[in-house]
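Some notes on the structure that comes next.
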Amino acid sequence: MPRRITAESERLATARQAALHYSISRAPIFAGLPEEDLQRLSGYCVVRALPRGTYLFRQNDPVAGFFVVRLGLINVHRLNADGREQIIHLLREGESFAERAVISESGYPANARAVQDSEVILIPIAEFKRHQRDRPDLAWRMLASMSHHLRTLVATLEGLRFTDIETRLIHWLLQRCASPDSPAAVEIGLGMSKTDLAAELATRRETLSRTFGKLKSQKYITPKTSSIVVNNPRALQQLFNERLASSKMTRAEGARWLSNAG
């Protein structure tokens, strides 16, 4: 009997290791990494289960390492001066985060919480640094990932400069249309609740719902349970242009917003 239990435990451990290896290999930050490195990573990485609402870490917590989302949705945020939550990133399956904290001695720069039941892969800092000494190209992968997060953060901050929620929402939708100049309808998966989207756009759910209703009544969008259909991206882009033209932005600022929206 003890031998059977041991054999079964070994099979389960092997299956878990294979699943972890597969998840790591699918993460963009590790895409194309040689098999020997993937094997080494999966040997020291740890899977953490996070029930909905659980904090993975809080701002200034000591750094354990960085993470890859295996399942679910992770909300990375900070609190503003009024104590309101401002979302920095919403991270989905395969996305990595907190890489910057690995090279910082000041702790995590924000809070991270599971929006839904989730699993993350922890890449421990000490083991990863030893691995990185043997494979310097891992540092370039970290820089590329941080650059991607920076571009996302800049786009979020730029969108928040619009003073009214309607323009912020239109900007948010256009960023997610592959071809804003096309008249073909585009369905955008939310991957989050309307409450979380409201937090990302720095507004209240009730205000966001009214804005959705207005754009729906004007036939620009068709909201669904977990997605939004932009009925005609070209028409929505034109509305965005008109709102810019009627605002007090300078021509240079307007050109920059249009570029980011596209």
Side-chain angles (χ1 to χ4, degrees), residues 50-56 58-59 69-95 97 110-120 149 151-180 184-233 235-240 243 257 260-262:
L50 298 171
R52 179 181 178 182
T54 303
Y55 275 83
L56 177 60
R58 295 180 184 271
Q59 187 174 341
V69 182
R70 189 181 187 198
L71 295 170
L73 183 68
I74 303 296
N75 169 337
V76 177
H77 64 276
R78 297 188 71 164
L79 300 179
N80 63 21
D82 299 325
R84 293 179 61 185
E85 186 176 298
Q86 176 57 57
I87 294 177
I88 299 171
H89 296 296
L90 283 168
L91 298 145
R92 296 166 176 80
E93 182 179 344
E95 294 188 277
F97 62 103
N111 309 287
R113 184 184 66 237
V115 175
Q116 52 192 240
D117 290 347
S118 304
E119 288 184 0
V120 299
H149 290 321
R151 289 194 299 271
T152 301
L153 178 58
V154 168
T156 298
L157 293 175
E158 287 181 339
L160 292 175
R161 287 186 60 186
F162 298 119
T163 56
D164 65 287
I165 180 56
E166 184 174 343
T167 305
R168 290 205 298 273
L169 177 57
I170 293 170
H171 178 261
W172 189 90
L173 291 168
L174 288 172
Q175 282 187 309
R176 287 154 181 80
C177 291
S179 301
V186 175
E187 185 166 0
I188 300 169
L190 289 178
M192 67 183 105
S193 68
K194 297 289 178 31
T195 300
D196 290 314
L197 178 56
E200 183 173 356
L201 295 172
T203 189
R204 299 183 184 280
R205 177 173 177 144
E206 297 77 10
T207 305
L208 180 63
S209 295
R210 288 195 296 271
T211 307
F212 273 135
K214 180 179 179 181
L215 293 176
K216 178 182 177 182
S217 68
Q218 296 172 335
K219 310 297 184 185
Y220 287 111
I221 64 171
T222 302
K224 295 185 177 182
T225 304
S226 58
S227 64
I228 303 168
V229 177
V230 177
N231 299 324
N232 185 331
L236 189 64
Q237 178 75 71
Q238 181 59 37
L239 176 63
F240 185 75
R243 296 186 71 84
W257 296 129
N260 288 330

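For N231, the side-chain contact (heavy atoms from CB on, under 4.5 Å) partners two or more places apart in sequence, or in a different chain, are T222, V229. Residues passing the side chain to side chain donor-acceptor pair (under 3.5 Å) test with Q218, sequence neighbours excluded: none. Partners of S209 according to the side-chain contact (heavy atoms from CB on, under 4.5 Å) rule, which considers only residues two or more places apart in sequence or in another chain, are R205. Applying the side chain to side chain donor-acceptor pair (under 3.5 Å) criterion to R52, with sequence neighbours excluded, gives no partner residue. In this view, T54 satisfies the side chain to side chain donor-acceptor pair (under 3.5 Å) rule with no residue, not counting sequence neighbours.
Note: E93 CD to I74 CD1 = 12.0 Å, rounded to the nearest 0.5 Å. Note: L50 CG to R70 CZ = 12.5 Å, rounded to the nearest 0.5 Å. The distance from the CG atom of L169 to the CG atom of L208 is 6.0 Å, given to the nearest 0.5 Å. With rounding to the nearest 0.5 Å, the separation of CG in N232 from CD in Q237 is 11.0 Å. We find the OG1-CD1 distance between T203 and I165 to be 4.5 Å, quoted to the nearest 0.5 Å. One finds the OH atom of Y220 at 12.5 Å from the CG atom of L173 (value rounded to the nearest 0.5 Å).
Shortest non-hydrogen contact noted between S227 and G189 is CB-CA, 4.0 Å. Shortest non-hydrogen contact noted between A110 and V76 is CB-CG1, 3.9 Å. The heavy-atom pair separating A114 from P51 by the smallest distance is CB-O, 3.7 Å.
Taking the side chain as every heavy atom from C-beta outward, R243 and D164 approach each other to under 4.5 Å. Side-chain contact between L239 and L215 is present, with at least one heavy-atom pair separated by less than 4.5 Å. Side chains of V69 and R92 form no contact here, defined as non-hydrogen atoms less than 4.5 Å apart. I188 has its side chain within reach of C177: a pair of non-hydrogen atoms, C-beta onward, lies under 4.5 Å apart.
Residue pairs satisfying the salt bridge (charged side-chain N to carboxylate O under 4.0 Å, His left out) criterion with at least one member in residues 207-231, sequence neighbours excluded, are listed as follows: E166-K214, E187-K224.
Geometrically, R168 does not engage W172 in a cation-pi contact, judged by NZ or CZ lying under 6.0 Å from the ring centre and within 45° of the ring axis.
Side-chain N or O atoms of S118 include one that pairs as donor or acceptor with a backbone N or O of L73 at under 3.5 Å.
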